[in-house]
Amino acid sequence: MKKVLITGAAGFIGSHLCDKFINEGYRVIGMDNLLTGSLDNIAHLFPLEQFDYYHHDVTKFVHVPGDLDYILHFASPASPIDYLKMPIQTLKVGSLGTHNLLGLAKEKRARILIASTSEVYGDPLEHPQSEEYWGNVNPIGPRGVYDEAKRFQEAITMAYHTYHNLETRIVRIFNTYGPRMRLDDGRALPAFFGQCLSGQSITVFGKGDQTRSFCFIEDMIDGIYRLLLSDYHLPVNIGNPEEITILEIAEEIKALVNNPQASIVYKELPVDDPKKRRPDISKAKQILDWTPRTNRMIGLEKTHEYFKQTLKKSEII
Ligand code: NAD
Ligand code: UDP
């Protein structure tokens, strides 16, 4: 049985990765310090003999006994609200945390995949963004703590590949959504669902004409899995190229939740908020034979169902 270590296992994407690897027949070690994640996301895995959970901060030396075949490094605050609240932890998990995990991968001769982001392109001056674009990032702006940590993460990963012949993979993840996002993580989709479901006004930042391209979690997990098992070591964009304005998605969620009275309030646009974002996924198509398959309405409905249940549970408690 192949053994995989997943950091950030109690988070949104990490917990779905744990499910995927368990379903594919791997032994999984999930590691997390619960900074932004929750054990609720992986509670269903605890009874399984193939699953172990290590509570650990990956910015400290990481020890795992025995062999390891793969490491997936997904630990990091990921929503703008989280990384603005925890700027130093964000910088440390991208830099020191990544260094520790690369060291572990070298020791075990394991293949390591790191979670990078479309934020390495910053507020992009090229559209759509292909992997060849180097980005437009403000290193000292509020988002710099996340963006530069991820850029450093890519640089040190490539250095381990080049100088230690380590097998490395880099996924540049574009905005992803789905069940197990935190309702209060401040990202647009959970914020809009939470507001519509609890009768509050929808907060649209700026004029809402900025764009994003939202990928459903099941498609994202499939893309990451294919990249890990591929033989391609350069960065690959994984995301859904269907671009939409923030105002349009707010209207879609309002209609889905069936709350036509929900009003929209316009708030100040956060500093350095990217004006547009859409992945060029030619590489993922060509190298991984991957393309997103989930229609946005289906993905939004599944997410809606999850948030409804979450709110119901919190009311009971
Ligand atoms: P999340 O906040 O739900 O999950 C992150 C997990 O990492 C949490 O469980 C948190 O407790 C854990 N963590 C943070 N610091 C840690 C540390 N020092 N040691 C151990 N665990 C730690 O976020 P997510 O959306 O699941 O994002 C996961 C990864 O994917 C992140 O690396 C993020 O940068 C990347 N990513 C996500 C998106 C997205 O749209 N969700 C987009 C681009 C990149
Ligand atoms: N946004 C918004 N209202 C909110 C939360 C976010 O209008 O309550 C906007 C935000 O300014 C950005 C977009 O939605 O332009 C996506 O934000 P998110 O935090 O989801 O992710 P980002 O892509 O900015 O990291």
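What's counted below: heavy atoms across the whole structure, side chains too, no hydrogens, waters or symmetry copies.
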### Side-chain H-bond candidate by donor/acceptor type, Thr7 with His73, under 3.5 Å
yes
#### Entry: Ser314 side chain to Leu311 backbone, donor-acceptor under 3.5 Å
yes
### Task
Indicate yes or no for a side-chain donor-acceptor contact from Thr211 to the backbone of Arg277 under 3.5 Å, with no hydrogens or angles considered.
yes
### Message
Ignoring hydrogens and geometry beyond distance, is a side-chain donor-acceptor pair present between His127 and Glu243 at under 3.5 Å?
### Response
yes
### Message
Could you check whether Asp272 and Asn138, counting side-chain N and O atoms only, form a donor-acceptor pair closer than 3.5 Å?
### Response
yes
### Summary
The reported gap from CD in Glu131 to CD in Gln129 (rounded to nearest 0.5 angstrom) is 10.5 Å
### Summary
Distance col, row Lys267:NZ vs Ser201:OG, nearest 0.5 angstrom, shows 8.5 Å
### Message
Taking NZ in Lys276 as the centre, count heavy atoms belonging to other residues, nucleotides or ligands within less than 6.0 Å. Is the count above 12?
### Response
no
### Task
Compute the centroid of each ring, for Phe21 and then for Tyr70, and state whether the two points are separated by less than 6.0 Å.
no
### Residue pairs fulfilling ring pair (Phe, Tyr, Trp, His ring centres under 6.0 Å) with at least one residue in residues 284-306, sequence neighbours excluded
Phe193-His304
#### Entry: Lys2 charged N/C atom sitting above Tyr26 aromatic ring, 6.0 Å / 45°
no
### Message
I need the Leu17 CG to Ile221 CD1 distance, nearest 0.5 Å.
### Response
4.0 Å
### Query
Any donor and acceptor pair, going by atom type alone, linking the side chain of Ser198 with main-chain N or O of Cys196 inside 3.5 Å?
no
### Message
Between Arg169 (side chain only) and Pro235 (backbone N and O only), is there a donor and an acceptor less than 3.5 Å apart?
### Response
no
### Query
Between the side chains of His16 and Asn41, is a donor N or O closer than 3.5 angstrom to an acceptor N or O?
no
### Query
Residues sharing Leu84's hydrophobic cluster, by side-chain heavy-atom contacts under 4.5 Å among ILVMFWY, directly or via others?
Tyr83, Leu91, Val145, Tyr146
### Query
Is a side-chain donor or acceptor of Asp123 paired with a backbone partner of Val137 at a separation under 3.5 angstrom?
no
### Query
Is there side-chain contact between Arg212 and Arg187, with heavy atoms separated by less than 4.5 Å?
no
### Task
Enter the distance from Asp40:CG to Lys313:NZ here, rounded to the nearest 0.5 Å.
7.0 Å
### Message
Please determine whether a side-chain nitrogen of the Lys or Arg among Arg296 and Glu252 lies less than 4.0 Å from a carboxylate oxygen of the Asp or Glu.
### Response
yes
### Message
Once salt bridge (Lys or Arg N to Asp or Glu O under 4.0 Å) is applied, what residue pairs with a partner in residues 281-295 remain, sequence neighbours excluded?
### Response
Glu132-Lys283
#### Entry: Side-chain donor-acceptor contact under 3.5 Å, His99 with Tyr160
yes
### Nearest atoms (heavy-atom pairs only) where Ile238 meets Ala284
CD1-CB, 4.0 Å
### Message
Give me the atom names and distance for the closest heavy-atom approach of Gly239 to Pro292.
### Response
O-CG, 3.9 Å
### Query
Which atom pair, heavy atoms only, marks the closest approach of Gly178 to Met181?
O-CG, 3.2 Å
#### Entry: Tyr121 and Asn237: side chain donor to acceptor below 3.5 Å
yes
### Message
Quick check: closest heavy atoms across Ile29 and Lys3, and the distance to 0.1 Å?
### Response
CD1-CE, 3.8 Å
#### Entry: Salt-bridge contact Lys302-Glu305 (side-chain N to carboxylate O under 4.0 Å)
no
### Message
I need the Gln200 CD to Ser263 OG distance, nearest 0.5 Å.
### Response
10.5 Å
### Message
Strictly below 4.0 Å, N to O, side chains only: are Asp147 and Lys150 in salt-bridge contact?
### Response
no
### Message
For the backbone of Thr245 and the side chain of Asp209, can you confirm whether one donor and one acceptor N or O come within less than 3.5 Å of each other?
### Response
no
### Message
Donor-acceptor pair, distance only, cut-off 3.5 Å: does the side chain of Asp82 make one with the backbone of Ala78?
### Response
no
### Message
I need the minimum non-hydrogen distance between Leu35 and Pro77, along with the two atoms involved.
### Response
CD2-CG, 4.0 Å
### Task
Could you grab the distance from atom NZ of Lys92 to atom OG of Ser76, nearest 0.5 Å is fine?
13.5 Å
### Query
At their closest point, which heavy atom of Val93 faces which heavy atom of Ala75, and how far apart are they?
CG2-O, 3.5 Å
### Side-chain heavy atoms of Lys106 within contact of Ile112, under 4.5 Å
no
### Query
Pick from Asn240, Ile249, Ile217, Leu300: which one makes a side-chain contact (heavy atoms from CB on, under 4.5 Å) with Tyr177?
Leu300
### Task
Evaluate side-chain hydrogen bond (donor to acceptor under 3.5 Å, both in side chains) for Arg180 paired with Ser15, printing each intermediate quantity in order.
CA-CA 8 Å; Arg180 301 191 192 149; Ser15 63; 3.2 Å; yes
### Task
Compute whether any side-chain donor of one residue and acceptor of the other, for Glu154 and Ser116, lie under 3.5 angstrom apart.
yes
### Query
Is a donor on one side and an acceptor on the other found under 3.5 Å between the side chain of Asp185 and the backbone of Ser79?
no
